[in-house]
Asker: 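After the structure tokens below, expect a handful of questions from me.
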Amino acid sequence: MKTLSRYTTKICYTHYNPHCNNFSAIANAAQIQQDGIFDKSNLHSILQLCARERETIQGKACHAKIIHTGLKAHCLTSNMLISMYSKCGLVDNARKVFDEMPQRSIVSWNTMIGSYTKDGQTQQALALFMDMQRDGNSPFTEYTISSVLCACTCSTKCHVFECKQLHGFAIKAAMDWNVFVGTALLDVYAKCGLIKEAGMVFECMPGRSDVTWSSMVAGFVQNELYEEALLLFRRAQVMRLDINQFMVSSVISACACLAVLIEGKQLHAVMSKTGLGSNLFVVASLTDMYAKCGSIGEAYALFSGIEGKNVVLWNVMISGFAKHAHSMEVMILFEKMQQAGFLPNEFTYVSVLSSCSHLGMVEKGKSYFNIMVKQHGIFPNVLHYSCMVDVLGRAGLIHEAYDLIVTMPFDATASMWGSLLASCRNYDNLVFAEIAAKQLFEMEPDNAGNHVLLSNIYAANQKWEEVARTRKLLKDSEARKEKGKSWTEIKDKVHTFMVGERRHPRITEIYSKLEKLVEDLKDLGYEPRTEHDLHDVGDDVKEELLRHHSEKLAFTFALMCLSSGVPIRIMKNLRICDDCHSFMKIASKFTGREIIVRDVTRFHHFRNGYCSCGDFW
């Protein structure tokens, strides 16, 4: 005679023993159903197993048996069914079980709300929470509030109003002090751009977990408050808190965005000591940081020393080479990635196509675009089309680039029209420049840079009346050109320079050194490119204005402070101008230094009078 005990023991043993063969456990569950031996504990064990292993078919069979044996009305059994369906991704099935329950517990509501949250169904989660309030039979828990708050960040739309309502509700229910609720609150505030509110929640919390600290650091980084993220991380270190991989990745991203290499290296050393240096996500962040700080060699050395790379790490390294205009390395690594068994994804192809644009490799770019679609089945997104517009435009195929813009299955972005306008400037194409500029004036009415570019093109074609009209249009509009800003890191301190800087404590000494340097460089062939300055002044004044560009000031200060032979690293918020590019090339030869400039689009490595971009940027 068959007994229940041997089946129950097998299933329960599997449930608690992670080393047990899952296939045999599923087979045992199936055998029970085939033999028709059921009781409540057996069914619960089977449901837990199906939920853990995402076994939909066995789970549905168990559900059928529950209905057949009359256990459908049992609250705990229904809760386990909801959980099983949720973990299997069958949210509609879970909701059907929930709706058919004659009586629900707090677990029923929390599980269903959590299911909607994990599935990204924000409105359904919020609506169910409102139903729970109206029901009034189940008390709220911290899990309820935190789940609904998490739902507010699941969609692309930020539900700020709902978040504030939930915050008020948490205060009223005296749950705002709870670490789970507080962490969820600051996270949703940060993701909605309300970083001040997130900070207030963080500071008012009586107790904080490592997740709380990680969320706050990540919130600062998401809102581009990189220095605040570094300060909070230092605060956590002083308090000797446990540092996890998520906090570390965020802090490394902050270092990368600020391009503070010294801070990044110190963080790398800390990670090596704590054992997090081998974590793949941390390694990917460190590799990205080194690349964005201009140390592409160190980035590759770190990448090469890691065993068991994942697709994220491959993509980070390929992207790094692309930003540094190492196109051959991009293509070699692209092939090695596939040889290692990793399929390129949409992010890989953005980097590959970008590298093609930097060197004007039109046919190679077209070939990769076709391989992406036909061989790897990746449907091109707007970034891929943007790269192709850049590939064609930079090679002088302006008409073909325009045709791609108007025929692609997306609305053209400002970056696409901006790329076309820049290409028109390089190739003096007035017709398409006016078309692109018209689109940009509508899409970016506050961007004065577009007016400046068009005016440059008119000036190059000696259309002086149009130059005057464009200047007047710029003057009459509210458009403002973003001021040039450059920064360099000297002895663990970042020094920032604006165009025409006057506030730096050593600015008089810097200008004096720069004056002498410009005269020395003129002897080597440097000629200020005054034709690119649109101010209505004489050439002497234009030359002085060019001399005060932020990257020249940053370079001069670094030259004064750094030891001989040390590379000079400069970061800039705009595209480096033609005059500063020419200045840096000759300065690298005159000083015998490597000068690394990161502008808004790419890196320029100046060595011995040459730039890595080949004067094509």
Asker: Hey, can you pull the donor-acceptor pairs under 3.5 Å for the side chains in residues 303-314, sequence neighbours left out?
Answerer:
unit_1: Ser304; atom_1: OG; unit_2: Tyr300; atom_2: O; d: 2.8
unit_1: Lys309; atom_1: NZ; unit_2: Ile306; atom_2: O; d: 2.9
unit_1: Asn310; atom_1: OD1; unit_2: Val312; atom_2: N; d: 3.3
unit_1: Asn310; atom_1: OD1; unit_2: Leu313; atom_2: N; d: 2.9

Asker: Have His581 and Asp578 got a donor and an acceptor in their side chains that come within less than 3.5 Å?
Answerer: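 Absent: no donor and acceptor within the cut-off.
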
Asker: Could you tell me which residues satisfy salt bridge (charged side-chain N to carboxylate O under 4.0 Å, His left out) with Glu509, sequence neighbours excluded, listed by chain and number?
Answerer: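 With sequence neighbours excluded, Glu509 shows a salt bridge (charged side-chain N to carboxylate O under 4.0 Å, His left out) to Arg506, given in chain and number order.
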
Asker: Does a side-chain heavy-atom distance below 4.5 Å link Arg394 with Asn426?
Answerer: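 Arg394 vs Asn426: side chains apart.
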
Asker: Applying salt bridge (charged side-chain N to carboxylate O under 4.0 Å, His left out), can you list everything that pairs with Arg593, at least two apart in sequence or on another chain?
Answerer: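 Once residues adjacent in sequence are excluded, Arg593 has no partner under the salt bridge (charged side-chain N to carboxylate O under 4.0 Å, His left out) criterion.
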
Asker: Are Cys577 and His549 packed together at the side-chain level, in the sense that at least one heavy-atom pair is separated by less than 4.5 angstrom?
Answerer: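 Of all side-chain heavy-atom pairs linking His549 with Cys577, at least one is under 4.5 Å.
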
Asker: Hey, what do you get for CG (Asp599) to CG (Leu574), rounding to the nearest 0.5 Å?
Answerer: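 Atom-to-atom, Asp599:CG and Leu574:CG are 9.0 Å apart.
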
Asker: Is there a side-chain contact between Arg502 and Tyr511, using heavy atoms and a 4.5 Å cut-off?
Answerer: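 Yes. Closest side-chain heavy atoms under 4.5 Å.
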
Asker: Pair Asn450, Glu444 - check side chain to side chain donor-acceptor pair (under 3.5 Å), show working.
Answerer: CA-CA 8 Å; Asn450 299 323; Glu444 299 179 327; 3.1 Å; yes

Asker: Under 3.5 Å, which donor-acceptor pairs link side chains of residues 247-254 to any protein atom two or more places apart or in another chain?
Answerer:
unit_1: Ser249; atom_1: OG; unit_2: Gln245; atom_2: O; d: 2.9
unit_1: Ser250; atom_1: OG; unit_2: Phe246; atom_2: O; d: 3.2
unit_1: Ser253; atom_1: OG; unit_2: Ser249; atom_2: O; d: 3.0

Asker: Parallel, tilted or perpendicular: which fits the ring planes of Phe497 and Phe557, with parallel below 30° and perpendicular above 60°?
Answerer: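 It falls in the tilted class, 30° to 60°.
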
Asker: Donor-acceptor check, side chain of Ser419 to backbone of Ser415, threshold 3.5 angstrom: yes or no?
Answerer: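 No, the answer is negative, given that no donor and acceptor are paired below the 3.5 Å cut-off.
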
Asker: Is the distance from the ring center of Tyr226 to that of Phe220 below 6.0 Å?
Answerer: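 That pair fails the under 6.0 Å test.
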
Asker: Would you please name every residue forming a ring-ring contact (aromatic ring centres under 6.0 Å, His included) with Trp417, sequence neighbours left out?
Answerer: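 Applying ring-ring contact (aromatic ring centres under 6.0 Å, His included) to Trp417 gives none.
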
Asker: Should the heavy atoms of other residues, nucleotides or ligands under 6.0 Å from CZ of Phe410 be counted, would the total exceed 12?
Answerer: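 Yes.
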
Asker: Crowded around Phe342 CZ? As in, over 12 foreign heavy atoms under 6.0 Å?
Answerer: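 Atom CZ in Phe342 is crowded, with more than 12 foreign heavy atoms closer than 6.0 Å.
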
Asker: Are any of the side-chain heavy atoms of Met331 and Cys356 separated by less than 4.5 Å?
Answerer: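 Heavy-atom side-chain distance check passes, below 4.5 Å.
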
Asker: Counting the benzene-type ring for Trp, do Phe441 and His451 have ring centres under 6.0 Å apart?
Answerer: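 Centroid separation for Phe441 and His451: below 6.0 Å.
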
Asker: For Gln338 and Phe334, indicate whether the former's side chain and the latter's backbone hold a donor-acceptor pair under 3.5 Å.
Answerer: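 It does hold such a pair.
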
Asker: Examine the side chains of His268 and Tyr290 and answer whether a donor and an acceptor come within less than 3.5 Å of each other.
Answerer: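 There is such a pair (donor and acceptor under 3.5 Å, judged by atom type) between the side chains of His268 and Tyr290.
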
Asker: Working note: Asp579 + Ser582, criterion side chain to side chain donor-acceptor pair (under 3.5 Å); need CA distance, chi angles, decisive distance, verdict.
Answerer: CA-CA 5 Å; Asp579 179 69; Ser582 175; 5.9 Å; no

Asker: So, do Tyr385 and Phe369 have ring centers that fall under 6.0 Å from each other?
Answerer: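 Between Tyr385 and Phe369, the centre distance is under 6.0 Å.
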
Asker: Measuring from atom CG of Asn315 to atom CE of Met317, what distance do you get when rounded to the nearest 0.5 angstrom?
Answerer: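 Result: 12.0 Å between the selected atoms.
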
Asker: Taking the six-membered ring for Trp, are His376 and Tyr349 parallel (under 30°), tilted (30 to 60°) or perpendicular (over 60°)?
Answerer: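 The rings of His376 and Tyr349 sit tilted, inter-plane angle from 30° to 60°.
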
Asker: Using the side chain to side chain donor-acceptor pair (under 3.5 Å) criterion, which residues pair with Lys513? Sequence neighbours excluded.
Answerer: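 Once residues adjacent in sequence are excluded, Lys513 has no partner under the side chain to side chain donor-acceptor pair (under 3.5 Å) criterion.
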
Asker: Hey, is Glu329 close enough to Lys336 for a salt bridge, meaning N to O under 4.0 Å?
Answerer: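 Looking at Lys336 together with Glu329, the answer is no, because their closest N to O distance does not fall below 4.0 Å.
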
Asker: What I want to check is whether the side chains of Ser367 and Asn370 have a donor and an acceptor closer together than 3.5 Å.
Answerer: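 Short answer, no.
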
Asker: Hey, does the side chain of Thr488 reach the backbone of Arg569 with a donor-acceptor pair shorter than 3.5 angstrom?
Answerer: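 Flag set: sc Thr488 to bb Arg569 pair under 3.5 Å.
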
Asker: What's the spacing between Leu521 CG and Thr591 OG1 if we round to 0.5 Å?
Answerer: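 Going from the CG atom of Leu521 to the OG1 atom of Thr591 covers 8.5 Å.
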
Asker: Are any side-chain N or O atoms of Lys552 and backbone N or O atoms of Leu546, one a donor and one an acceptor, separated by less than 3.5 Å?
Answerer: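 The answer is yes, because a donor-acceptor pair under 3.5 Å joins these two groups.
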
Asker: For Asn608 and Ser588, what are the C-alpha separation, side-chain angles and deciding distance, and is it a side chain to side chain donor-acceptor pair (under 3.5 Å)?
Answerer: CA-CA 5 Å; Asn608 197 31; Ser588 69; over 6 Å; no

Asker: If I compare all heavy atoms of Ser295 with all of Leu261, which pair ends up nearest, and what's the gap?
Answerer: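 That would be OG-CD2, 3.4 Å.
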
Asker: Got a second to check how far Asn573's CG is from Ser486's OG, nearest 0.5 Å?
Answerer: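 Reported to 0.5 Å precision, the distance equals 7.0 Å.
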
Asker: Where do Met416 and Met408 land on the side-chain contact (heavy atoms from CB on, under 4.5 Å) test, with the steps shown first?
Answerer: CA-CA 12 Å; Met416 289 182 185; Met408 69 179 183; 3.1 Å; yes

Asker: With sequence neighbours left out, write down each residue that passes side chain to side chain donor-acceptor pair (under 3.5 Å) with Arg598, or none if nothing qualifies.
Answerer: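 Side chain to side chain donor-acceptor pair (under 3.5 Å) list for Arg598, sorted by chain: empty.
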
Asker: Could you pull out all donor-acceptor pairs under 3.5 Å where a side-chain atom in residues 430-440 meets a protein atom, sequence neighbours excluded?
Answerer:
unit_1: Glu434; atom_1: OE2; unit_2: Tyr458; atom_2: OH; d: 2.7

Asker: State which residues pass salt bridge (charged side-chain N to carboxylate O under 4.0 Å, His left out) with Lys572; sequence neighbours excluded, sorted by chain then number.
Answerer: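 Listed in chain order: Glu551.
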
Asker: Which residues satisfy the side chain to side chain donor-acceptor pair (under 3.5 Å) test with Ser272, sequence neighbours excluded?
Answerer: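 Side chain to side chain donor-acceptor pair (under 3.5 Å) check on Ser272 returns nothing, list empty.
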
Asker: Could you walk me through whether Glu227 and Leu225 pass the side-chain contact (heavy atoms from CB on, under 4.5 Å) check?
Answerer: CA-CA 6 Å; Glu227 292 182 18; Leu225 297 171; over 6 Å; no

Asker: Mind telling me whether Tyr402 and His399 have parallel, tilted or perpendicular rings, with 30° and 60° as the class edges?
Answerer: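 Plane angle over 60°, so perpendicular.
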
Asker: How far does CG of Leu514 sit from CD of Glu519, to the nearest 0.5 angstrom?
Answerer: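 The distance works out to 10.0 Å.
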
Asker: With no hydrogens and no angle check, do the side chains of Ser319 and Lys323 hold a donor and an acceptor under 3.5 Å apart?
Answerer: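 Yes.
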
Asker: Do Asn223 side-chain atoms and Ala190 backbone N/O form a donor-acceptor pair below 3.5 Å?
Answerer: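 Checked: pair present.
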
Asker: With sequence neighbours excluded, what pairs up with Glu501 under the salt bridge (charged side-chain N to carboxylate O under 4.0 Å, His left out) test?
Answerer: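 Per chain and number, Glu501 pairs via salt bridge (charged side-chain N to carboxylate O under 4.0 Å, His left out) with no residue.
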
Asker: What are the two closest non-hydrogen atoms of Val283 and Ser278, and how far apart are they?
Answerer: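 Nearest heavy atoms, Val283 then Ser278: CG2-C, 4.2 Å.
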
Asker: What I'd like to find out is whether the side chain of Met361 reaches to under 4.5 Å of the side chain of Val391, using heavy atoms alone.
Answerer: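 They are not in side-chain contact.
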
Asker: Could you tell me whether the side chain of Met571 reaches within less than 4.5 Å of the side chain of Glu489, counting heavy atoms only?
Answerer: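 With C-beta onward as the side chain, the pair stays apart.
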
Asker: Pairing donors with acceptors under 3.5 angstrom, does anything connect the side chains of His384 and Glu346?
Answerer: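 Absent: no donor and acceptor within the cut-off.
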
Asker: Return the CD1 to CG distance between Ile586 and Asp520, rounded to the nearest 0.5 Å.
Answerer: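 Answer rounded to 0.5 Å: 12.0 Å.
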
Asker: Which residues satisfy the side chain to side chain donor-acceptor pair (under 3.5 Å) test with Glu263, sequence neighbours excluded?
Answerer: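 For Glu263 the side chain to side chain donor-acceptor pair (under 3.5 Å) partners, ignoring immediate neighbours, are Arg234.
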
Asker: Is the backbone N or O of His605 less than 3.5 Å from a side-chain atom of Ser612, with the two atoms forming a donor-acceptor pair by type?
Answerer: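 Side chain of Ser612 to backbone of His605: a pair is present.
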
